Amino acid sequence: MRRVEGQVLTIRCTSCSSIFPTFVFSGDTDMATAGLETATSLEPTSVALGELTADEFRAGYESGRTLFAERISRQYGADFVALSVPRWVQGPSGEGLSLEEFRKIFKPASPVYDCPRCGGEAPVISQQSPAEFLETGGQLLVASSIALD
Ligand SMILES: [Zn+2]
C-alpha cells in the first residue's frame with residue numbers, strides 16, 4: 001500500500017462558471033509523487049486518485065494521463081478527464097521590497113486550469129485537505145493500491 005498526501009483544489013471556470021475539484025499530490029521529493037495521477041468528472045462532480053500502470057507510465061506524460069483518465073472512466077462509469085494547467089499566476093514579485101516586506105505579501109504561484117466543459121480558464125477558488133473535502137460532501141475516489149494520509 002502506497003501512502004500519499006495532497007490537497008483538493010476547487011476550480012471555477014471564468015467562462016461557464018462550472019465548479020469542479022482536482023487534486024495535487026505533495027511529497028518531499030519528485031520520486032514521492034512519481035506515477036501518481038488524478039482525474040476529474042463533472043457529472044457527477046468527483047475526483048479520482050490512482051497510480052499509472054507500467055504501460056501508462058511508459059506512454060509518456062500527456063498520453064499516460066489520458067490513458068489513465070480513460071481507464072478510470074471505464075472503472076467508475078463516468079467521464080473522467082485529466083485536467084491540464086496551461087498557465088500559472090505568479091505571486092507578487094517582491095521587486096524593490098525588503099525580505100521582511102516581501103514575507104508579508106508573499107503568495108505562491110497558483111495554477112490556472114483548462115475548463116473540461118468549455119475550454120475557458122479555471123483558476124483555483126479554494127484548497128481543502130481530503131478530510132475537509134469529504135466532510136463538505138465531496139466525492140473522492142481512491143484506488144485500492146494507495147492510502148491517503
Ligand atoms: Zn468552462
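Small disclaimer: the values here were computed from a predicted structure and weren't measured. One-based numbering, in listed order, for ligands and for the atoms of each. Heads up: numbering here begins at 1 and tracks the sequence.
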Atom CZ of F23 and atom CD of E5: how far apart are they, to the nearest 0.5 Å? 9.0 Å
Listing by chain and number, which protein N, O or S atoms are under 2.8 Å from the Zn ion (ligand 1)? C13 SG, C16 SG, C115 SG, C118 SG
Should the pair F80 and Y76 be assigned to parallel (<30°), tilted (30 to 60°) or perpendicular (>60°) ring geometry? tilted
Residues passing the side-chain hydrogen bond (donor to acceptor under 3.5 Å, both in side chains) test with R103, sequence neighbours excluded, are none
Sorted by chain and residue number, the side-chain hydrogen bond (donor to acceptor under 3.5 Å, both in side chains) partners of S98 (sequence neighbours excluded) come out as E101
Short side-chain to backbone donor-acceptor contact, T38 and A48, under 3.5 Å: yes
Strictly by side-chain hydrogen bond (donor to acceptor under 3.5 Å, both in side chains), give each pair with a member in residues 139-149 just once, sequence neighbours left out. R3-D149, E51-S145
